[in-house]
2 protein chains.
Amino acid sequence: MATAKGERSKDAIRRAATHLFTSRGYVGSTVRDIAAEAQVDPALVIRHFGSKERLFIETMQAEAGTALDLDGPLDSLAERLIANILTAEPQSRSTFLALVRASDTGEVGATMRVAHEAGFVAPLLQHLTGEGREVRARLAAAMIGGLMYSLWIAQDDALLALPPDEIVSAYAPALDRLVNPSTGRPSAVE
Amino acid sequence: MATAKGERSKDAIRRAATHLFTSRGYVGSTVRDIAAEAQVDPALVIRHFGSKERLFIETMQAEAGTALDLDGPLDSLAERLIANILTAEPQSRSTFLALVRASDTGEVGATMRVAHEAGFVAPLLQHLTGEGREVRARLAAAMIGGLMYSLWIAQDDALLALPPDEIVSAYAPALDRLVNPSTGRPSAVE
DNA sequence: GTCTATACGACGATAGAC
DNA sequence: GTCTATCGTCGTATAGAC
(Lines give C-alpha, C1' and ligand atoms only; values in the text may rest on other atoms or scores of the structure.)
Protein backbone atom coordinates (compact mmCIF):
# COMPACT_ATOMS: atom_id res chain seq x y z
CA MET A 1 0.00 0.00 0.00
CA ALA A 2 2.38 2.66 -1.21
CA THR A 3 -0.33 5.28 -1.46
CA ALA A 4 -2.32 4.36 1.63
CA LYS A 5 -1.72 7.60 3.47
CA GLY A 6 -2.38 9.77 0.45
CA GLU A 7 -5.57 7.94 -0.36
CA ARG A 8 -6.76 8.28 3.19
CA SER A 9 -6.27 12.05 3.00
CA LYS A 10 -8.03 12.17 -0.35
CA ASP A 11 -10.98 10.23 1.02
CA ALA A 12 -11.22 12.46 4.05
CA ILE A 13 -11.25 15.52 1.77
CA ARG A 14 -13.89 13.92 -0.44
CA ARG A 15 -16.09 13.15 2.55
CA ALA A 16 -15.75 16.63 4.02
CA ALA A 17 -16.34 18.23 0.61
CA THR A 18 -19.49 16.18 0.00
CA HIS A 19 -20.83 17.15 3.41
CA LEU A 20 -20.07 20.86 3.11
CA PHE A 21 -21.02 21.31 -0.56
CA THR A 22 -24.40 19.65 -0.03
CA SER A 23 -25.15 21.52 3.18
CA ARG A 24 -23.74 24.98 2.39
CA GLY A 25 -23.44 25.01 -1.40
CA TYR A 26 -20.46 25.79 -3.61
CA VAL A 27 -19.81 29.44 -2.75
CA GLY A 28 -20.70 28.88 0.91
CA SER A 29 -18.04 26.22 1.34
CA THR A 30 -14.44 27.40 1.44
CA VAL A 31 -11.38 25.30 0.70
CA ARG A 32 -10.19 26.11 4.21
CA ASP A 33 -13.44 24.85 5.76
CA ILE A 34 -13.18 21.58 3.86
CA ALA A 35 -9.55 21.14 4.89
CA ALA A 36 -10.40 21.82 8.53
CA GLU A 37 -13.20 19.25 8.56
CA ALA A 38 -10.93 16.69 6.87
CA GLN A 39 -8.15 17.60 9.35
CA VAL A 40 -5.78 18.36 6.54
CA ASP A 41 -3.76 21.34 5.29
CA PRO A 42 -5.74 23.62 2.95
CA ALA A 43 -3.04 23.42 0.30
CA LEU A 44 -3.51 19.66 0.14
CA VAL A 45 -7.05 20.11 -1.16
CA ILE A 46 -5.80 21.93 -4.24
CA ARG A 47 -2.80 19.63 -4.57
CA HIS A 48 -4.99 16.51 -4.69
CA PHE A 49 -7.91 17.79 -6.74
CA GLY A 50 -6.48 20.60 -8.84
CA SER A 51 -9.07 23.21 -7.89
CA LYS A 52 -12.15 23.77 -5.76
CA GLU A 53 -14.29 23.48 -8.88
CA ARG A 54 -12.88 20.07 -9.86
CA LEU A 55 -13.38 18.79 -6.32
CA PHE A 56 -16.98 20.02 -6.49
CA ILE A 57 -17.65 18.35 -9.83
CA GLU A 58 -16.08 15.07 -8.71
CA THR A 59 -18.06 14.86 -5.48
CA MET A 60 -21.35 15.99 -7.01
CA GLN A 61 -21.02 13.49 -9.85
CA ALA A 62 -20.61 10.71 -7.30
CA GLU A 63 -23.72 11.90 -5.47
CA ALA A 64 -25.86 12.37 -8.58
CA GLY A 65 -24.83 9.02 -10.04
CA THR A 66 -28.02 7.03 -9.57
CA ALA A 67 -30.62 7.34 -12.33
CA LEU A 68 -34.34 6.87 -11.76
CA ASP A 69 -35.64 3.31 -11.75
CA LEU A 70 -38.87 3.46 -13.73
CA ASP A 71 -39.51 -0.25 -14.24
CA GLY A 72 -43.12 -1.22 -13.76
CA PRO A 73 -46.47 -0.72 -15.47
CA LEU A 74 -46.61 2.28 -17.80
CA ASP A 75 -50.05 3.14 -16.42
CA SER A 76 -48.61 4.12 -13.05
CA LEU A 77 -45.29 5.53 -14.27
CA ALA A 78 -46.40 9.13 -13.83
CA GLU A 79 -47.45 8.48 -10.25
CA ARG A 80 -44.22 6.70 -9.39
CA LEU A 81 -42.14 9.44 -11.02
CA ILE A 82 -43.78 12.15 -8.92
CA ALA A 83 -43.61 10.08 -5.74
CA ASN A 84 -39.89 9.66 -6.39
CA ILE A 85 -39.40 13.42 -6.08
CA LEU A 86 -41.70 13.83 -3.09
CA THR A 87 -39.88 11.14 -1.13
CA ALA A 88 -36.38 11.97 -2.36
CA GLU A 89 -33.49 11.72 0.09
CA PRO A 90 -32.33 15.06 1.53
CA GLN A 91 -28.94 14.28 0.00
CA SER A 92 -30.41 14.09 -3.52
CA ARG A 93 -32.25 17.33 -2.98
CA SER A 94 -29.12 19.11 -1.76
CA THR A 95 -27.04 17.80 -4.64
CA PHE A 96 -29.60 19.06 -7.15
CA LEU A 97 -29.67 22.48 -5.49
CA ALA A 98 -25.88 22.78 -5.29
CA LEU A 99 -25.50 21.84 -8.97
CA VAL A 100 -28.20 24.24 -10.16
CA ARG A 101 -26.87 27.15 -8.13
CA ALA A 102 -23.28 26.62 -9.29
CA SER A 103 -24.28 26.00 -12.90
CA ASP A 104 -22.70 29.25 -14.09
CA THR A 105 -19.30 28.32 -12.65
CA GLY A 106 -16.81 26.91 -15.15
CA GLU A 107 -17.70 23.40 -16.25
CA VAL A 108 -20.36 22.82 -13.61
CA GLY A 109 -23.15 23.67 -16.05
CA ALA A 110 -22.00 21.02 -18.50
CA THR A 111 -21.81 18.50 -15.65
CA MET A 112 -25.35 19.33 -14.58
CA ARG A 113 -26.64 18.99 -18.13
CA VAL A 114 -25.15 15.51 -18.39
CA ALA A 115 -26.68 14.55 -15.05
CA HIS A 116 -30.11 15.78 -16.21
CA GLU A 117 -29.83 13.86 -19.47
CA ALA A 118 -28.62 10.64 -17.83
CA GLY A 119 -30.75 10.83 -14.70
CA PHE A 120 -34.10 11.97 -16.11
CA VAL A 121 -34.32 12.09 -19.90
CA ALA A 122 -32.59 8.77 -20.65
CA PRO A 123 -34.69 6.61 -18.28
CA LEU A 124 -37.86 8.21 -19.63
CA LEU A 125 -36.79 7.70 -23.23
CA GLN A 126 -36.22 4.05 -22.45
CA HIS A 127 -39.79 3.52 -21.29
CA LEU A 128 -41.85 5.75 -23.55
CA THR A 129 -43.21 4.54 -26.86
CA GLY A 130 -45.40 5.94 -29.59
CA GLU A 131 -45.51 9.12 -31.58
CA GLY A 132 -43.20 11.92 -30.53
CA ARG A 133 -41.71 9.90 -27.69
CA GLU A 134 -38.47 11.90 -27.69
CA VAL A 135 -40.18 15.27 -27.23
CA ARG A 136 -42.63 13.79 -24.75
CA ALA A 137 -39.80 12.25 -22.69
CA ARG A 138 -37.99 15.59 -22.57
CA LEU A 139 -41.13 17.48 -21.60
CA ALA A 140 -41.92 14.88 -18.94
CA ALA A 141 -38.41 15.50 -17.57
CA ALA A 142 -39.25 19.21 -17.63
CA MET A 143 -42.37 18.53 -15.54
CA ILE A 144 -40.27 16.67 -12.99
CA GLY A 145 -37.75 19.51 -13.03
CA GLY A 146 -40.62 21.89 -12.43
CA LEU A 147 -41.68 19.97 -9.36
CA MET A 148 -38.14 20.16 -7.97
CA TYR A 149 -38.04 23.85 -8.84
CA SER A 150 -41.32 24.65 -7.10
CA LEU A 151 -40.68 22.56 -4.00
CA TRP A 152 -36.96 23.06 -3.51
CA ILE A 153 -35.97 26.37 -5.14
CA ALA A 154 -39.12 28.51 -5.09
CA GLN A 155 -40.17 26.59 -1.95
CA ASP A 156 -43.90 26.90 -2.54
CA ASP A 157 -45.08 26.61 1.06
CA ALA A 158 -48.64 25.73 0.12
CA LEU A 159 -47.41 22.74 -1.90
CA LEU A 160 -44.89 21.72 0.76
CA ALA A 161 -47.66 21.66 3.37
CA LEU A 162 -49.75 19.27 1.29
CA PRO A 163 -49.81 15.49 1.85
CA PRO A 164 -47.76 13.85 -0.93
CA ASP A 165 -50.82 11.92 -2.11
CA GLU A 166 -52.65 15.11 -3.02
CA ILE A 167 -49.79 16.38 -5.12
CA VAL A 168 -49.50 13.02 -6.87
CA SER A 169 -53.19 12.83 -7.68
CA ALA A 170 -53.29 16.41 -8.98
CA TYR A 171 -50.04 16.37 -10.98
CA ALA A 172 -50.10 12.80 -12.32
CA PRO A 173 -52.99 13.26 -14.80
CA ALA A 174 -51.08 16.12 -16.42
CA LEU A 175 -47.82 14.17 -16.52
CA ASP A 176 -49.70 11.16 -17.83
CA ARG A 177 -50.64 13.09 -20.95
CA LEU A 178 -46.96 13.03 -21.87
CA VAL A 179 -46.31 9.47 -20.70
CA ASN A 180 -49.51 7.86 -22.09
CA PRO A 181 -50.85 10.32 -24.64
CA SER A 182 -53.09 7.85 -26.44
CA THR A 183 -54.97 6.64 -23.38
CA GLY A 184 -58.47 8.09 -23.31
CA ARG A 185 -60.02 9.48 -20.19
CA PRO A 186 -60.64 8.26 -17.58
CA SER A 187 -57.19 6.74 -17.19
CA ALA A 188 -55.48 4.76 -14.45
CA VAL A 189 -54.03 7.83 -12.80
CA GLU A 190 -57.23 9.58 -11.90
CA MET B 1 -31.21 69.86 -6.52
CA ALA B 2 -29.02 69.08 -3.59
CA THR B 3 -28.73 65.41 -4.40
CA ALA B 4 -28.47 65.68 -8.17
CA LYS B 5 -24.90 64.42 -8.40
CA GLY B 6 -25.48 61.66 -5.87
CA GLU B 7 -28.60 60.48 -7.68
CA ARG B 8 -26.79 60.47 -10.98
CA SER B 9 -24.08 58.26 -9.47
CA LYS B 10 -26.69 55.96 -7.96
CA ASP B 11 -28.46 55.61 -11.29
CA ALA B 12 -25.21 54.87 -13.08
CA ILE B 13 -24.44 52.18 -10.50
CA ARG B 14 -27.94 50.71 -10.87
CA ARG B 15 -27.59 50.58 -14.65
CA ALA B 16 -24.15 48.97 -14.52
CA ALA B 17 -25.27 46.49 -11.84
CA THR B 18 -28.34 45.45 -13.86
CA HIS B 19 -26.19 44.90 -16.92
CA LEU B 20 -23.46 42.93 -15.15
CA PHE B 21 -25.68 40.88 -12.82
CA THR B 22 -27.87 39.72 -15.70
CA SER B 23 -24.97 38.93 -18.01
CA ARG B 24 -22.43 37.46 -15.56
CA GLY B 25 -24.54 36.51 -12.54
CA TYR B 26 -24.12 37.46 -8.89
CA VAL B 27 -20.78 35.81 -8.06
CA GLY B 28 -19.38 36.62 -11.50
CA SER B 29 -19.94 40.35 -11.04
CA THR B 30 -17.62 42.14 -8.63
CA VAL B 31 -18.29 45.43 -6.91
CA ARG B 32 -15.14 46.75 -8.59
CA ASP B 33 -16.44 45.76 -12.05
CA ILE B 34 -19.76 47.50 -11.42
CA ALA B 35 -17.99 50.62 -10.18
CA ALA B 36 -15.70 50.68 -13.21
CA GLU B 37 -18.63 50.41 -15.65
CA ALA B 38 -20.50 53.14 -13.77
CA GLN B 39 -17.31 55.22 -13.67
CA VAL B 40 -17.47 55.70 -9.91
CA ASP B 41 -15.32 54.68 -6.97
CA PRO B 42 -15.88 51.08 -5.73
CA ALA B 43 -16.49 52.30 -2.19
CA LEU B 44 -19.41 54.37 -3.46
CA VAL B 45 -21.27 51.24 -4.47
CA ILE B 46 -21.31 49.94 -0.91
CA ARG B 47 -21.90 53.40 0.51
CA HIS B 48 -25.03 53.95 -1.61
CA PHE B 49 -26.56 50.48 -1.45
CA GLY B 50 -25.24 49.00 1.79
CA SER B 51 -23.88 45.79 0.32
CA LYS B 52 -23.45 43.93 -2.95
CA GLU B 53 -26.36 41.69 -1.97
CA ARG B 54 -28.77 44.59 -1.39
CA LEU B 55 -27.78 46.13 -4.72
CA PHE B 56 -28.45 42.77 -6.36
CA ILE B 57 -31.86 42.39 -4.76
CA GLU B 58 -32.88 45.95 -5.62
CA THR B 59 -31.91 45.67 -9.29
CA MET B 60 -33.33 42.17 -9.76
CA GLN B 61 -36.64 43.18 -8.17
CA ALA B 62 -36.92 46.02 -10.64
CA GLU B 63 -36.26 43.63 -13.53
CA ALA B 64 -38.61 40.89 -12.32
CA GLY B 65 -41.42 43.33 -11.60
CA THR B 66 -43.82 42.53 -14.43
CA ALA B 67 -46.25 39.67 -13.82
CA LEU B 68 -47.72 37.52 -16.58
CA ASP B 69 -50.72 38.88 -18.42
CA LEU B 70 -53.07 35.94 -18.79
CA ASP B 71 -56.22 37.73 -19.90
CA GLY B 72 -58.05 35.94 -22.67
CA PRO B 73 -60.06 32.75 -23.21
CA LEU B 74 -59.39 30.03 -20.65
CA ASP B 75 -59.32 27.47 -23.46
CA SER B 76 -56.07 28.83 -24.85
CA LEU B 77 -54.50 29.91 -21.56
CA ALA B 78 -52.14 26.94 -21.48
CA GLU B 79 -50.88 27.67 -24.96
CA ARG B 80 -50.35 31.36 -24.24
CA LEU B 81 -48.59 30.57 -20.98
CA ILE B 82 -46.08 28.30 -22.71
CA ALA B 83 -45.60 30.71 -25.62
CA ASN B 84 -44.80 33.39 -23.06
CA ILE B 85 -41.78 31.41 -21.89
CA LEU B 86 -40.63 30.41 -25.36
CA THR B 87 -40.63 34.02 -26.56
CA ALA B 88 -39.40 35.58 -23.32
CA GLU B 89 -36.99 38.51 -23.53
CA PRO B 90 -33.33 37.60 -22.93
CA GLN B 91 -33.45 40.03 -20.02
CA SER B 92 -36.23 38.08 -18.29
CA ARG B 93 -34.37 34.84 -18.81
CA SER B 94 -31.15 36.25 -17.36
CA THR B 95 -32.94 37.71 -14.36
CA PHE B 96 -34.55 34.36 -13.61
CA LEU B 97 -31.20 32.58 -13.89
CA ALA B 98 -29.37 35.10 -11.72
CA LEU B 99 -32.05 34.88 -9.01
CA VAL B 100 -32.14 31.08 -9.00
CA ARG B 101 -28.37 30.75 -8.87
CA ALA B 102 -27.99 33.26 -6.04
CA SER B 103 -30.96 31.88 -4.10
CA ASP B 104 -28.74 30.53 -1.33
CA THR B 105 -27.19 33.94 -0.68
CA GLY B 106 -28.64 35.85 2.25
CA GLU B 107 -32.13 37.18 1.52
CA VAL B 108 -32.05 36.47 -2.20
CA GLY B 109 -33.99 33.24 -1.78
CA ALA B 110 -36.85 35.03 -0.04
CA THR B 111 -36.85 37.65 -2.81
CA MET B 112 -37.06 34.94 -5.46
CA ARG B 113 -39.90 33.19 -3.65
CA VAL B 114 -41.91 36.42 -3.60
CA ALA B 115 -41.24 36.96 -7.31
CA HIS B 116 -42.42 33.41 -8.09
CA GLU B 117 -45.58 33.88 -6.05
CA ALA B 118 -46.39 37.30 -7.52
CA GLY B 119 -45.25 36.60 -11.07
CA PHE B 120 -46.60 33.10 -11.67
CA VAL B 121 -48.84 31.73 -8.91
CA ALA B 122 -50.94 34.86 -8.31
CA PRO B 123 -51.89 35.49 -11.97
CA LEU B 124 -52.83 31.83 -12.36
CA LEU B 125 -54.88 31.84 -9.17
CA GLN B 126 -56.76 34.83 -10.52
CA HIS B 127 -57.87 33.01 -13.66
CA LEU B 128 -58.45 29.44 -12.52
CA THR B 129 -61.80 28.28 -11.20
CA GLY B 130 -63.30 25.02 -10.03
CA GLU B 131 -62.27 22.29 -7.64
CA GLY B 132 -58.77 22.44 -6.21
CA ARG B 133 -57.94 25.62 -8.07
CA GLU B 134 -55.24 26.62 -5.57
CA VAL B 135 -53.27 23.38 -5.91
CA ARG B 136 -53.82 23.35 -9.67
CA ALA B 137 -52.56 26.93 -10.00
CA ARG B 138 -49.42 26.10 -8.03
CA LEU B 139 -48.76 22.97 -10.06
CA ALA B 140 -49.34 24.88 -13.29
CA ALA B 141 -46.71 27.34 -12.06
CA ALA B 142 -44.47 24.34 -11.41
CA MET B 143 -44.95 23.21 -15.02
CA ILE B 144 -43.91 26.65 -16.24
CA GLY B 145 -40.94 26.57 -13.89
CA GLY B 146 -40.06 23.18 -15.33
CA LEU B 147 -40.02 24.60 -18.82
CA MET B 148 -37.66 27.37 -17.72
CA TYR B 149 -35.54 24.81 -15.91
CA SER B 150 -35.25 22.50 -18.92
CA LEU B 151 -34.63 25.23 -21.49
CA TRP B 152 -32.52 27.66 -19.52
CA ILE B 153 -30.76 25.73 -16.74
CA ALA B 154 -30.48 22.15 -17.98
CA GLN B 155 -30.38 23.59 -21.53
CA ASP B 156 -31.98 20.59 -23.19
CA ASP B 157 -30.53 21.02 -26.68
CA ALA B 158 -33.13 18.81 -28.35
CA LEU B 159 -35.93 21.00 -26.98
CA LEU B 160 -34.08 24.22 -27.80
CA ALA B 161 -33.68 23.09 -31.40
CA LEU B 162 -37.43 22.53 -31.80
CA PRO B 163 -39.76 25.11 -33.35
CA PRO B 164 -41.75 26.78 -30.55
CA ASP B 165 -45.01 25.52 -32.06
CA GLU B 166 -44.04 21.90 -31.50
CA ILE B 167 -43.25 22.47 -27.85
CA VAL B 168 -46.53 24.33 -27.38
CA SER B 169 -48.60 21.61 -29.00
CA ALA B 170 -46.90 18.84 -27.02
CA TYR B 171 -46.82 20.57 -23.61
CA ALA B 172 -50.13 22.43 -23.71
CA PRO B 173 -52.41 19.37 -23.42
CA ALA B 174 -50.61 18.37 -20.22
CA LEU B 175 -50.74 21.89 -18.80
CA ASP B 176 -54.38 22.14 -19.82
CA ARG B 177 -55.24 19.30 -17.47
CA LEU B 178 -54.37 21.65 -14.62
CA VAL B 179 -55.93 24.75 -16.17
CA ASN B 180 -59.14 23.14 -17.50
CA PRO B 181 -59.48 19.85 -15.63
CA SER B 182 -63.15 19.34 -16.32
CA THR B 183 -62.96 19.73 -20.09
CA GLY B 184 -63.36 16.39 -21.79
CA ARG B 185 -61.12 15.31 -24.62
CA PRO B 186 -60.73 16.42 -27.31
CA SER B 187 -60.18 19.97 -26.02
CA ALA B 188 -59.23 23.24 -27.63
CA VAL B 189 -55.52 22.72 -27.13
CA GLU B 190 -55.06 19.58 -29.18
C1' DG C 1 5.67 10.68 -2.54
C1' DT C 2 3.06 13.46 1.29
C1' DC C 3 2.53 17.15 3.33
C1' DT C 4 3.37 22.05 5.65
C1' DA C 5 4.49 26.87 5.53
C1' DT C 6 4.12 30.84 3.31
C1' DA C 7 2.83 34.02 0.02
C1' DC C 8 0.10 36.37 -3.90
C1' DG C 9 -3.58 38.83 -6.02
C1' DA C 10 -8.55 39.70 -5.81
C1' DC C 11 -12.60 39.86 -3.22
C1' DG C 12 -16.43 42.51 -0.09
C1' DA C 13 -16.49 45.81 3.22
C1' DT C 14 -15.08 49.73 6.54
C1' DA C 15 -13.00 54.13 8.60
C1' DG C 16 -11.81 58.47 8.12
C1' DA C 17 -9.83 62.41 5.40
C1' DC C 18 -11.23 65.86 2.15
C1' DG D 1 -20.79 63.19 -1.44
C1' DT D 2 -16.62 61.24 -2.66
C1' DC D 3 -12.06 59.09 -2.40
C1' DT D 4 -7.84 56.83 -0.13
C1' DA D 5 -6.15 53.45 2.62
C1' DT D 6 -6.75 49.31 4.71
C1' DC D 7 -8.80 45.07 6.82
C1' DG D 8 -9.74 40.05 6.88
C1' DT D 9 -10.81 36.25 3.77
C1' DC D 10 -11.00 34.00 -0.41
C1' DG D 11 -8.82 30.50 -4.18
C1' DT D 12 -4.52 29.16 -5.62
C1' DA D 13 0.64 28.42 -6.38
C1' DT D 14 5.10 27.06 -4.93
C1' DA D 15 9.26 26.00 -2.14
C1' DG D 16 10.92 22.91 0.66
C1' DA D 17 10.50 19.90 5.05
C1' DC D 18 9.69 15.00 6.31
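Each chain gets a letter, A, B and so on, in the order the sequences are listed, and its residues count up from 1. As a basis for the values below, the full set of heavy atoms in this structure was taken, side chains included, without hydrogen atoms, waters or symmetry mates.
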Could you state the atom-to-atom distance from [atom1] of [X] to [atom2] of [N] in whole Å?
| X | N | atom1 | atom2 | value |
| --- | --- | --- | --- | --- |
| A:Phe21 | D:dG11 | CZ | C1' | 11 Å |
| A:Ile46 | C:dT6 | CD1 | P | 19 Å |
| A:Leu44 | C:dA5 | CG | C1' | 12 Å |
| A:Asp33 | D:dT12 | CG | P | 14 Å |
| A:Phe49 | C:dC3 | CZ | C1' | 15 Å |
| B:Arg32 | D:dT4 | CZ | P | 13 Å |
| B:Ile13 | C:dA13 | CD1 | C1' | 15 Å |

C:dT2, OP1 or OP2 - any side-chain N/O from A:His48 closer than 4.0 Å?
no

Reckon A:Thr30 has a side-chain N or O less than 4.0 Å from the OP1 or OP2 of D:dT9?
no

Nearest 0.5 Å please: distance from the CD atom of A:Gln91 over to the CD atom of A:Glu63.
4.5 Å

Straight-line distance of B:Thr30 OG1 to B:Lys52 NZ, nearest 0.5 Å:
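Rounded to the nearest 0.5 Å, the OG1-NZ separation comes to 7.0 Å.
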
Under 6.0 Å between ring centres: does that hold for A:Tyr149 and B:Tyr149?
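Ring centroids of A:Tyr149 and B:Tyr149 are no less than 6.0 Å from each other.
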
Between B:Glu53 and A:Asp41, which is nearer to the 5' end of DNA chain C once each is assigned its nearest nucleotide?
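The answer here is A:Asp41.
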
Once hydrogens and angles are ignored, does a donor-acceptor distance under 3.5 Å link the base of D:dG1 to the side chain of B:Arg47?
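Under the 3.5 Å cut-off, the side chain and the base do not form any donor-acceptor pair.
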
I'd like to check B:Met143 versus B:Leu178 (side-chain heavy atoms, cut-off strictly below 4.5 Å). Are they in contact?
yes

